[in-house]
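Remarks on the structure that follows.
Sequence lines set the chain letters: A, B, ... in the order given, protein chains first and strands last, and positions in each chain run from 1.
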Protein chains: 2
Amino acid sequence: MQQIFRSDVALGLPLYREVKHKLMESLRDGEWKPGDIIPAEKRLCERFGVSVGTLRKAVDELTAENILIRHQGRGTFVASHSQDRYMFGFFHIYAQDGRKEYPKVEFISLTRDKADADGAARLGVKKGAKLFRIINRLSLGGRAVIIDDILLPEQFFPNMTEAQVRDRRTTLYQLYQDSFGIGVLRTEERLQACGASADIARMLGIPEGTPLLHIIRRALSFRDEVVELRHSYVITDGHEYYAGDDNQGHG
Amino acid sequence: MQQIFRSDVALGLPLYREVKHKLMESLRDGEWKPGDIIPAEKRLCERFGVSVGTLRKAVDELTAENILIRHQGRGTFVASHSQDRYMFGFFHIYAQDGRKEYPKVEFISLTRDKADADGAARLGVKKGAKLFRIINRLSLGGRAVIIDDILLPEQFFPNMTEAQVRDRRTTLYQLYQDSFGIGVLRTEERLQACGASADIARMLGIPEGTPLLHIIRRALSFRDEVVELRHSYVITDGHEYYAGDDNQGHG
DNA sequence: CAGTGGTCTAGACCACATT
DNA sequence: ATGTGGTCTAGACCACTGT
């Protein structure tokens with residue numbers, strides 16, 4: 001029989017949404033951390049007092065959002081940042097022949113900065129708020145093609161040091177996760193074209209004013225806080241940004 | 001009881017995938033046309049000899065792909081092209097303040113052309129194959145900001161006339177659907193930056209070489225044929241391309 | 001082998017839209 | 001009142017993984 005009394009969070013929400021919400025709470029509160037296995041479906045059914053079908057529908061949505069990952073026969077795991085996940089879900093630049101390659105990342109600088117009006121609006125902080133600023137140069141096929149200009153609200157990254165950023169052997173999102181407990185759940189990107197500024201032109205070795213693809217990415221946490229604002233400037237005479245379903249590949 | 005004998009298409013496929021495949025066949029073969037209502041779930045269960053849960057899982061996937069649309073209490077319908085659907089699923093340009101607006105489309109030309117090497121490769125036709133070429137100028141907020149350069153394999157659009165294209169009061173995808181029976185199911189887009197060519201600069205009233213966002217879109221049919229190749233050139237000093245989940249909006 | 005997720009069933013009740 | 005899709009259940013069996 002279906003249970004009569006629902007949690008007070010329920011406001012006409014389907015039961016599976018309630019369950020999903022409770023799972024998200026457990027994730028947000030750190031009951032299960034990235035890489036952890038979560039309890040078996042049977043266990044979770046008992047815990048929430050729902051049937052398998054309902055539990056599965058909740059987990060279905062979380063896997064579709066790349067928050068959980070199921071492995072038949074092994075269990076269900078909390079998604080964790082890795083190089084592969086970065087390439088799969090966050091890095092959208094391909095060579096024009098369709099190949100995809102992990103970029104060589106060259107650290108240029110870590111500085112302290114303050115939010116200007118635009119950065120503050122995009123980050124959801126006050127103008128003048130303290131930020132870290134990371135600049136990286138990325139190479140593909142042995143050629144420098146991308147400058148990343150990354151802004152991080154200081155509050156989320158206490159005492160971040162240049163050594164941490166320079167000497168890491170992981171993606172930045174792994175660093176955020178492992179060293180600061182910041183889980184980047186999803187990103188949104190806005191794209192424009194711009195001419196290379198003097199600084200960017202110098203770092204990429206191209207003439208000032210060269211048309212570049214300008215990607216403005218916001219990275220969001222579990223709580224929908226903006227934890228990173230990244231401006232990427234891409235030379236696109238040999239590469240392209242692919243916008244399509246993750247599932248349907250780059251054919 | 002679960003049926004023992006499966007169709008010969010089944011090669012270890014889950015039953016709901018078989019059902020999905022059969023639904024796709026009926027759509028492809030025109031048993032149900034865009035805008036039509038399809039039989040009720042109960043009917044389809046009988047027809048395919050499966051339970052509701054299985055049927056629903058098949059339909060779930062088709063709705064997630066925007067091929068079918070469910071309306072509680074009314075029925076399930078075949079997705080049909082409309083202005084709203086175009087804005088929702090295919091047009092990704094927003095004003096920088098986040099507003100979205102339907103562009104004013106100004107017809108410039110319809111000509112016959114032949115596929116060059118690049119176009120042939122992208123369209124999946126032979127070099128030199130006959131094409132129609134449409135050029136449109138799009139305005140947002142009263143300002144010309146986009147040039148669309150559209151290539152169509154002649155085979156899919158027999159006897160297309162300038163009047164059809166010029167005088168339509170619908171989106172092009174509605175025209176393809178209503179006048180040629182071509183259903184655009186999905187698109188994929190590649191983005192680059194380029195400098196405005198002399199032609200584009202003249203049509204947009206900007207200096208030659210101005211950095212533009214260059215969107216290369218392929219539109220695919222039910223059969224995964226490329227039915228349209230569209231080059232869009234966008235002025236992005238007041239607008240941007242938004243790449244994010246359709247569901248999560250442009251906040 | 002035991003435990004996990006993946007699929008499928010048969011039927012119930014609910015919410016919504018139309019007649 | 002009827003018919004539609006939306007949710008939920010309780011239990012079965014399959015496929016895969018690790019011991």
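The distance from the CD1 atom of I216(B) to the CZ atom of R230(B) is 13.5 Å, given to the nearest 0.5 Å.
Residues R74(A) and G53(A) each lie close to DNA chain D; by heavy-atom proximity, the contact nearer the 5' end of the strand is made by G53(A). Of the residues near DNA chain C, L55(B) and G73(B), the one whose nearest nucleotide (by heavy atom distance) lies more toward the 5' end is L55(B).
Residue R17(A) contributes atom CZ, which lies 16 Å from atom C1' of dA15(C) at whole-angstrom precision. Rounded to an integer number of Å, the gap from L44(A) CG to dT4(C) C1' is 12 Å. Between E41(A) atom CD and dC8(D) atom C1' there is a gap of 16 Å when expressed in whole angstrom units. dG6(C) atom C1' lies 14 Å from atom CG of L13(B), rounded to whole Å. What separates CG of D60(B) from P of dT7(D) is a distance of 9 Å, to the nearest Å. dT7(C) atom P lies 13 Å from atom CD of E18(B), rounded to whole Å. Counting to the nearest Å, the P atom of dG3(C) and the CZ atom of F77(A) are 17 Å from each other. What separates CD1 of I37(B) from C1' of dG5(D) is a distance of 10 Å, to the nearest Å.
Out of dT9(C), dT4(C), dT4(D), the shortest distance to the side chain of A40(A) is found at dT4(C). When the nucleotides dT4(C), dT7(D), dG5(D) are ranked by their closest atom to the side chain of P14(A), dT7(D) comes out on top. Picking from dG5(C), dG11(D), dT9(D) the nucleotide with the shortest atom distance to the side chain of V52(A) gives dG11(D).
Residue T54(A) places at least one side-chain N or O under 4.0 Å from the OP1 or OP2 atom of dT9(D). Distances shown here put every side-chain N or O of Y16(B) at or beyond 4.0 Å from the OP1 or OP2 atom of dC8(C). Neither OP1 nor OP2 of dA10(D) sits under 4.0 Å from any side-chain N or O of S51(A). Listed pair R56(A) / dG6(C) meets the phosphate criterion, a side-chain N or O lying under 4.0 Å from OP1 or OP2. The shortest distance between the side-chain N/O atoms of R70(A) and the OP1/OP2 oxygens of dT4(C) is not below 4.0 Å. Under 4.0 angstrom from either OP1 or OP2 of dC8(D) there lies no side-chain N or O belonging to K57(A).
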Would you tabulate the side-chain donor-acceptor contacts of residues 32-40 of chain A under 3.5 Å, counting partners in other chains and residues two or more places apart, or write 'none'?
{"residue": "K33(A)", "atom": "NZ", "partner": "G30(A)", "partner atom": "O", "Å": "3.1"}
{"residue": "D36(A)", "atom": "OD2", "partner": "K33(A)", "partner atom": "N", "Å": "2.8"}

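Side chain of R168(A) to main chain of T170(A): a donor-acceptor pair is present (N/O by atom type, distance under 3.5 Å, no hydrogens or angles). Between the side chain of E101(B) and the backbone N or O of G141(B), at least one donor-acceptor pair lies under 3.5 Å.
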Full working for side chain to side chain donor-acceptor pair (under 3.5 Å) between Q177(A) and S80(A): CA-CA 8 Å; Q177(A) 174 182 286; S80(A) 173; 3.2 Å; yes
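When the C1' atoms of four end pairs are superposed on the next four at each end of the helix from dC1(C)-dG18(D) to dT18(C)-dA1(D), using five pairs per end, the two resulting axes differ in direction by 10°, to 10°.
The shortest non-hydrogen separation linking V184(B) to H81(B) is O-NE2, 2.7 Å.
The ring of Y242(A) has its center closer than 6.0 angstrom to the ring center of Y94(A). Aromatic rings from F180(A) and F156(A) are positioned such that their centres are separated by 6.0 Å or more.
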